[in-house]
Protein chains: 2
Amino acid sequence: MATIKDVSRLANVSISTVSRVINKSANVAPEKEQAVLKAMKELNFQPNSFAQALVNKRSNCIGVLVGDLCGGPFFAQMMRGIEDVILPEKKYVIVMSGNHNHDREKDCIEALMLRRCDALIIHSKALSDDELIEYSQSGIPMVFVNRLVSSLEDRSVWVDITAGMADAVRHLIANGHRKIAYICSDDAAFADEKDRMAGYKMALEEAGIEFDPNIVSAAFPDENGGYRAIESLLMRDAGFTAFVAYNDAMAIGAISALADNNITVPGQVSAVGYDDNPISNYIKPKLTTVRYPIEEVGKRAATLALSLLYDRSEEFNWRWPLKFTPVLIEKASVAQARPEEPEKKPKKAAKKQS
Amino acid sequence: MATIKDVSRLANVSISTVSRVINKSANVAPEKEQAVLKAMKELNFQPNSFAQALVNKRSNCIGVLVGDLCGGPFFAQMMRGIEDVILPEKKYVIVMSGNHNHDREKDCIEALMLRRCDALIIHSKALSDDELIEYSQSGIPMVFVNRLVSSLEDRSVWVDITAGMADAVRHLIANGHRKIAYICSDDAAFADEKDRMAGYKMALEEAGIEFDPNIVSAAFPDENGGYRAIESLLMRDAGFTAFVAYNDAMAIGAISALADNNITVPGQVSAVGYDDNPISNYIKPKLTTVRYPIEEVGKRAATLALSLLYDRSEEFNWRWPLKFTPVLIEKASVAQARPEEPEKKPKKAAKKQS
DNA sequence: CTGTTAGCGCTTTCAC
DNA sequence: GTGAAAGCGCTAACAG
């Protein structure tokens, strides 16, 4: 691999001159410039990015910590949003997956910092606000996604999950449902779950419906988890005419389980998911869901990271909000509750019909 | 950020000694070692990875080019396989997505090389064998996945896609189907599509069924593409009692379109997908599909890359094969063809029933 | 076992 | 406008 020295020799100039034409950092006599360009071409010269990074103290890499890339299109869509912003700036993106695991998230952040990323975009579920705050003091620009870190509100790009979940439940209530189950994540310690739960409870309370822990079922937040969570609900014999799910994957698994138990959706049970995963348009029935604007979040986070890095907050900062609001997308998995009909599991008849 | 010099000063030793304890590259007197360790702790010292990379000529990064992370779990699962192998080696993975686009794939590979990745794992659809061969001569260890690059057979980790597709079609034939449509990708120039088409034709030929271009429909290989491809088939009024799809996403879209046209699966039309995308277990009916062992491919490719890098081929090379064979997974979307029944689109009645 | 020294490839003063 | 020279932080001979 050719070095700057080889080029300077071939072009009969000093290495400083070569450096100048590489970086356009100063004027160079036209003929010398041509000679250098020619030599670079000839030797197929590529500046060594490590040497550059060493002296510039800048790596041109943006580090991203995501939950996992495998758990569905969620983070992948976020990455797309991020790349849309970062790549045009001629910077690279380094991704690592924390798998929602405390130690692994720590390892990844430290690895990313060790790699001297210019800025970090962090989706952390498992680390505490305090840990995040400590990292953010390292000096490297850091933005947090899908999470509002207290005291770092201006570095947090987040979605009002609670509002989205409340909307989902309100939609069901508006359709006459009162026994609304919640298929939730078993990561009850994480904000993602807490916020949804808060939205669920809020909407119930607004409607004067008492919260019933018996129709809440937790499992790992994927299709299989949704399947099992509904099964567990069915075994409990707790009547419900509708459910909301932590995410679309769980909703799809749940619908699949209902089908296996000969329960129709939305005929007997209405369903609302969360995320607006593209697949929700291709199952039967099409899944009514809450759109989580994840790609926009990715874009916004990347833009913020760049603005922090270049210290050009004025330019970027208020073009988009830091807070996004999810919106309900009505498709075909919600039907009007049939008022007086006994629930499919008649043991516990609805008693709170107002 | 503290440097090795700061540490050496604090510990009252030379920087070489510090370097020695960092790298365990030579014995150091226990008490000095302790002093160094203590100083490193105290200063929160982290070796500068660029300086290390500059002198070691090794970045500890493995570059990966994938199609896209967003198009479903396929590449994400491959990444998981790769990370399972790379991370324990204390190396990092840098991923870039080529989006199956020729120029973008080139850019990514060059960016990865520029970054001086220690080795590259390349999933390229759009580049020619010759281009790939040229890149592979750059000196940096390179392995190709999901593709057999001629003359680089020992660097290609691939899946016998043709065999898998032939099995899918044979399965349908064994169930009495003769009018088997093929929902294919519109990337007809790429090996992925050519290979599947070859398998489709091969199985038809074995069974003495004439290839009928009228029941082949191409579209973008995602759910929406599958949806449209089937619609187009329906409009053509070409009778078929079953279909195989390029991948599960297309199959799911296709099934969704059939449902929208009141055609039942597998009642009226049988379906076979490709990939064994986890979601295929949660749709109705569960999708019979061909398992593409993508995670194993990722693992194998990463292992090969490492073995190339460390020049320890003997150790790794034959632990696993470079060629994988997909296997048919029977679920619930295939039914026996009803022999004499006119097809749902009666225009073209089956005439080749043997 | 340990310190001194010479780079790795590049950018950036600082003189000329 | 241009070159010489001093590092960036680290590793690896090379002497002791």
Side-chain angles (χ1 to χ4, degrees), chain A residues 1-40 43-61 90 113-118 138-140, chain B residues 1-40 42-61 90 92 113-118 138-140:
Chain A
M1 196 113 261
T3 75
I4 197 174
K5 221 174 194 167
D6 301 324
V7 176
S8 75
R9 201 152 27 209
L10 216 188
N12 252 308
V13 297
S14 72
I15 58 171
S16 335
T17 301
V18 178
S19 176
R20 285 180 189 114
V21 353
I22 294 172
N23 303 299
K24 304 179 199 335
S25 54
N27 283 338
V28 168
E31 64 274 23
K32 298 217 174 193
E33 178 167 9
Q34 286 314 312
V36 170
L37 258 14
K38 181 160 163 287
M40 296 203 324
L43 295 169
N44 200 312
F45 168 80
Q46 298 287 71
N48 181 315
S49 52
F50 298 131
Q52 288 181 314
L54 182 58
V55 45
N56 291 333
K57 288 157 179 359
R58 178 151 289 184
S59 65
N60 285 318
C61 283
K90 293 288 175 206
M113 294 177 70
L114 185 60
R115 288 251 131 223
R116 299 274 197 290
C117 289
D118 294 344
S138 67
I140 134 166
Chain B
M1 195 112 264
T3 75
I4 198 173
K5 224 174 191 166
D6 302 323
V7 175
S8 75
R9 201 152 29 210
L10 217 189
N12 252 309
V13 295
S14 72
I15 58 170
S16 340
T17 301
V18 177
S19 176
R20 282 177 192 117
V21 352
I22 295 172
N23 302 299
K24 303 180 201 335
S25 54
N27 283 338
V28 169
E31 65 275 23
K32 299 216 173 192
E33 177 166 8
Q34 286 314 313
V36 170
L37 259 13
K38 181 159 163 288
M40 298 202 327
E42 216 166 311
L43 295 170
N44 201 312
F45 167 79
Q46 298 287 74
N48 182 314
S49 53
F50 298 130
Q52 289 180 314
L54 182 57
V55 44
N56 290 333
K57 290 157 176 356
R58 177 153 289 185
S59 65
N60 284 319
C61 283
K90 294 286 174 208
Y92 301 92
M113 294 176 71
L114 185 60
R115 285 254 131 221
R116 301 273 197 292
C117 288
D118 294 343
S138 67
I140 133 165

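Below, read A as the first sequence line, B as the second, and so on, with proteins coming before strands; counting in each chain starts at 1.
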Ranking D/dA5, D/dA13, D/dT11 by distance to the side chain of B/Arg20, first place goes to D/dA13

What is the distance, rounded to the nearest whole Å, between atom CG of B/Asp6 and atom P of D/dG9? 8 Å

Nearest-neighbour nucleotide for the B/Thr17 side chain, C/dG3, D/dT11, C/dC10 considered: C/dG3

Considering all heavy atoms, the nearest A/Thr3-A/Phe45 contact: C-CE1, 3.4 Å

Taking the side chain as every heavy atom from C-beta outward, state whether A/Val36 and A/Val13 have any pair of such atoms under 4.5 Å apart. yes

Has the side chain of B/Ser16 got a donor or acceptor atom sitting under 3.5 Å from an opposite partner on the base of C/dT4? yes

Taken to the nearest whole Å, CG/B/Leu43 to P/D/dC10 is 12 Å

A/Ile4 side chain, from C-beta outward: closest of D/dG9, C/dC10, D/dT2: C/dC10

A/Gln52 CD to C/dT11 P, in whole Å, measures 5 Å

Which nucleotide in the list D/dT11, C/dC8, C/dG9 gets nearest to the side chain of B/Asn23? D/dT11

With sequence neighbours left out, what residues match A/Asn56 under side-chain hydrogen bond (donor to acceptor under 3.5 Å, both in side chains)? none

When the distance from NZ of B/Lys5 to C1' of D/dC10 is rounded to whole Å, what number comes out? 11 Å

When you compare the side chain of B/Ile4 with that of B/Ile22, does any pair of heavy atoms fall below 4.5 Å? yes

Rounded to the nearest Å, what distance is computed from the NZ atom of residue B/Lys32 to the C1' atom of nucleotide C/dG3? 9 Å

Starting at atom CG of A/Asn56, determine the distance to atom C1' of C/dT11, rounded to an integer number of angstrom. 7 Å

So does A/Arg116 get a backbone contact from the side chain of A/Ser59, meaning a donor-acceptor N/O pair under 3.5 Å? yes

Nearest heavy atoms of A/Arg115 and B/Ser49, plus distance in Å: CA-OG, 3.7 Å

Heavy atoms of B/Leu114 and A/Pro47 approach each other most closely as CD1-O, 3.7 Å

Could you check which of C/dT2, D/dT11, C/dC10 has an atom nearest any side-chain atom of B/Ala29? C/dT2

Check the distance between C/dG9's P and A/Arg9's CZ and give it to me in whole angstrom. 11 Å

Non-hydrogen side-chain atoms of B/Met113 and A/Gln46 separated by less than 4.5 Å: no

With each end axis built from five pairs of C1' atoms, what bend angle do you get for the helix from C/dC1-D/dG16 to C/dC16-D/dG1? Round to 10°. 40°

First encountered from the 5' end of DNA chain C, between B/Ala51 and A/Ile15: B/Ala51

What is the separation between atom CG on A/Leu54 and atom C1' on C/dC8, rounded to the nearest whole Å? 9 Å

Classify the nucleic acid contact of A/Val28 as base, sugar-phosphate or nothing, counting any heavy atom under 4.0 Å across all strands shown. sugar-phosphate

Residue whose closest nucleotide on DNA chain C lies nearer the 5' end, B/Lys57 versus B/Ser14: B/Ser14

Using OP1 and OP2 only, check whether a side-chain N or O of B/Asn48 sits under 4.0 Å from D/dC10. no

